[in-house]
A.B. asks: 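Before anything else, here's the structure in question.
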Amino acid sequence: MSDDTTFDYIIVGGGLCGCVVAARIKNSFPDRTVALIETGSDARKSPDILSPSRAFALAGTKYHYTNITTPQKHLNYRSIPLATGRTLGGGSAVNYGAWTRGDRSGYDEWAATVGDERWSYNGMLPYFKRAETYPLLQDKNNHGYEGPIHLSSGGRGYPLRDHVRDAMLAVGLPFNPDQNCGNPHGVSPLVESWHDGERSFAANTYDLKGVKLFMDSQVATVIVRNKKVP
């Protein structure tokens with residue numbers, strides 16, 4: 001039983017992964033008590049977070065950590081801003097909404113580096129599929145159609161759209177009907193995590209009902225005794 005100070009599971013960080021883990025544990029074990037601790041606020045109903053038109057104005061606001069990289073040798077020793085989310089949902093709450101998987105080779109290199117095929121593209125694929133309701137194609141080998149994140153594509157009908165696409169194809173870029181199949185190269189339809197005009201992100205799509213949320217809270221210390229957290 002929880003008394004708001006004792007829980008079966010305490011998850012530190014309410015970003016994208018924290019929301020997923022908290023929701024999965026609570027949904028799988030309804031009788032367990034779960035706490036999710038997040039430094040930022042709960043902005044699930046904020047128009048700043050939900051509206052596509054406001055996504056580009058989020059940089060530098062209270063919803064962001066603005067980190068700076070160390071000087072980069074191959075960028076003339078410049079330091080580059082590295083923005084990350086500081087709100088429930090983390091980066092999924094403040095990004096521009098592009099839904100893109102990495103190249104298959106990157107995941108396979110991870111797997112080879114750590115000696116664990118679960119990090120390979122094929123090892124990660126079931127989780128990619130589980131997360132999404134994909135808006136294009138009907139390719140159940142590569143995509144999920146019942147996941148919590150509802151995606152969209154093709155809603156940007158600006159006048160130059162077809163001309164830009166045709167110009168890219170004319171200079172030799174290949175057409176790629178699916179940039180999210182492990183090969184992101186080429187000219188592809190843009191897939192986005194906007195659904196019915198609102199952001200579809202970790203904090204408002206994964207079910208956090210029953211999870212105790214501690215917002216605007218920061219963990220100072222984790223005490224370990226006998227190699228266990230008491």
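Here, residue 1 is the first one in the sequence, and each next residue gets the next number.
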A.B. asks: Quick check: closest heavy atoms across S92 and F201, and the distance to 0.1 Å?
C.D. replies: O-CB, 3.1 Å
A.B. asks: Just by modelled atom types, is the T84 backbone N or O under 3.5 Å from a matching donor or acceptor in the N67 side chain?
C.D. replies: no
A.B. asks: Heavy atoms only: give me the nearest E132-N142 pair and the separation to one decimal.
C.D. replies: OE2-O, 4.1 Å
A.B. asks: Hey, mind stepping through H185 and D103 against side-chain hydrogen bond (donor to acceptor under 3.5 Å, both in side chains) and telling me if it holds?
C.D. replies: CA-CA 8 Å; H185 306 289; D103 191 288; 2.8 Å; yes
A.B. asks: Test of understanding: clusters of I, L, V, M, F, W, Y form through side-chain heavy atoms closer than 4.5 Å, transitively. Do Y206 and V21 belong to the same one?
C.D. replies: no
A.B. asks: Are any non-hydrogen side-chain atoms of L208 and R44 less than 4.5 angstrom apart?
C.D. replies: yes
A.B. asks: Closest heavy-atom contact between C181 and R101?
C.D. replies: CA-NH1, 4.5 Å
A.B. asks: Atom OG1 of T133 and atom CD1 of I149: how far apart are they, to the nearest 0.5 Å?
C.D. replies: 9.0 Å
A.B. asks: Hydrophobic clustering (ILVMFWY, side-chain heavy atoms < 4.5 Å, transitive) - are Y145 and L151 grouped together?
C.D. replies: yes
A.B. asks: Any sub-3.5 Å donor-acceptor pair from S217's side-chain atoms to M215's backbone N or O?
C.D. replies: yes
A.B. asks: Y107 side chain to M124 main-chain N or O, any donor-acceptor pair under 3.5 Å?
C.D. replies: no
A.B. asks: Within a reach of under 6.0 Å around CZ of R24, are more than 12 heavy atoms found that belong to other residues, nucleotides or ligands?
C.D. replies: yes
A.B. asks: Working to the nearest 0.5 angstrom, can you tell me the gap between K140 NZ and K129 NZ?
C.D. replies: 9.5 Å
A.B. asks: Kindly give the heavy-atom pair with the smallest separation between T70 and S79, and that separation in Å.
C.D. replies: C-OG, 3.9 Å
A.B. asks: Between A55 and Y96, which heavy-atom pair has the shortest distance, and what is it?
C.D. replies: O-CE2, 3.7 Å
A.B. asks: Does N176 reach the main-chain N or O of N183 with its side chain, forming a donor-acceptor pair under 3.5 Å?
C.D. replies: yes
A.B. asks: With clusters defined by side-chain heavy atoms of hydrophobic residues (ILVMFWY) lying less than 4.5 Å apart, directly or transitively, does V187 cluster with L160?
C.D. replies: yes
A.B. asks: Please evaluate residues D216 and S41 with respect to the criterion side-chain hydrogen bond (donor to acceptor under 3.5 Å, both in side chains), reporting the C-alpha separation (whole Å), side-chain torsions for both, the decisive distance (0.1 Å), and the verdict.
C.D. replies: CA-CA 5 Å; D216 302 301; S41 62; 5.0 Å; no
A.B. asks: Check the surroundings of atom OH in Y127: do more than 12 heavy atoms from other residues, nucleotides or ligands lie under 6.0 Å from it?
C.D. replies: no
A.B. asks: Please evaluate residues C19 and L88 with respect to the criterion side-chain contact (heavy atoms from CB on, under 4.5 Å), reporting the C-alpha separation (whole Å), side-chain torsions for both, the decisive distance (0.1 Å), and the verdict.
C.D. replies: CA-CA 8 Å; C19 288; L88 192 65; 3.9 Å; yes
A.B. asks: Do Y9 and V20 share a hydrophobic cluster (ILVMFWY, side-chain heavy atoms under 4.5 Å, transitive)?
C.D. replies: no
A.B. asks: To the closest 0.5 Å, what do you measure between CG (D31) and NZ (K26)?
C.D. replies: 7.5 Å
A.B. asks: Is the shortest side-chain N to carboxylate O distance from R118 to D116 below 4.0 Å?
C.D. replies: yes
A.B. asks: Short question: side chain of S120, backbone of A111 - any donor-acceptor pair under 3.5 Å?
C.D. replies: no
A.B. asks: Can you check whether I49's main-chain N or O pairs, donor with acceptor, with R199's side chain at less than 3.5 Å?
C.D. replies: yes
A.B. asks: Would Y134 and V191 count as a side-chain contact (heavy atoms from CB on, under 4.5 Å) if you check the C-alpha gap in whole Å, the side-chain angles of each, and the deciding distance to 0.1 Å?
C.D. replies: CA-CA 9 Å; Y134 206 68; V191 178; 3.5 Å; yes
A.B. asks: Could you state the interatomic distance from CG (L125) to NE2 (H143), rounded to the nearest 0.5 Å?
C.D. replies: 9.0 Å
A.B. asks: Has the side chain of S152 got a donor or acceptor atom that lies under 3.5 Å from a matching backbone atom of H195?
C.D. replies: no
A.B. asks: Could you give me the CA-CA distance, side-chain angles and deciding distance for I11 and I25, then say whether side-chain contact (heavy atoms from CB on, under 4.5 Å) is met?
C.D. replies: CA-CA 10 Å; I11 298 164; I25 291 175; 4.3 Å; yes
A.B. asks: Quick one: CG on L58 to OG on S51, what's the gap to the nearest 0.5 Å?
C.D. replies: 9.5 Å
A.B. asks: So, does D207 use its side chain to make a donor-acceptor pair with the main chain of A23 at under 3.5 Å?
C.D. replies: no
A.B. asks: Is it the case that over 12 heavy atoms from other parts of the model lie below 6.0 angstrom from the CD atom of E109?
C.D. replies: no
A.B. asks: Under 3.5 Å, is there a donor-acceptor pair between the side chain of W110 and the main chain of Y121?
C.D. replies: no
A.B. asks: Membership question, hydrophobic clusters at under 4.5 Å side-chain separation (ILVMFWY): are L190 and F175 in the same one?
C.D. replies: no
A.B. asks: Nearest 0.5 Å please: distance from the OG1 atom of T87 over to the OH atom of Y65.
C.D. replies: 10.0 Å
A.B. asks: Please assess N122 against R104 for the test side-chain contact (heavy atoms from CB on, under 4.5 Å), listing each intermediate value before the final yes or no.
C.D. replies: CA-CA 8 Å; N122 286 338; R104 173 187 293 271; 3.2 Å; yes
A.B. asks: Kindly give the heavy-atom pair with the smallest separation between P189 and S153, and that separation in Å.
C.D. replies: CB-OG, 3.9 Å
A.B. asks: Indicate yes or no for a side-chain donor-acceptor contact from E38 to the backbone of G40 under 3.5 Å, with no hydrogens or angles considered.
C.D. replies: yes
A.B. asks: Give the ring-plane orientation class for F214 versus F7, where under 30° counts as parallel, over 60° as perpendicular and anything between as tilted.
C.D. replies: perpendicular
A.B. asks: Are any of the side-chain heavy atoms of L82 and I68 separated by less than 4.5 Å?
C.D. replies: no
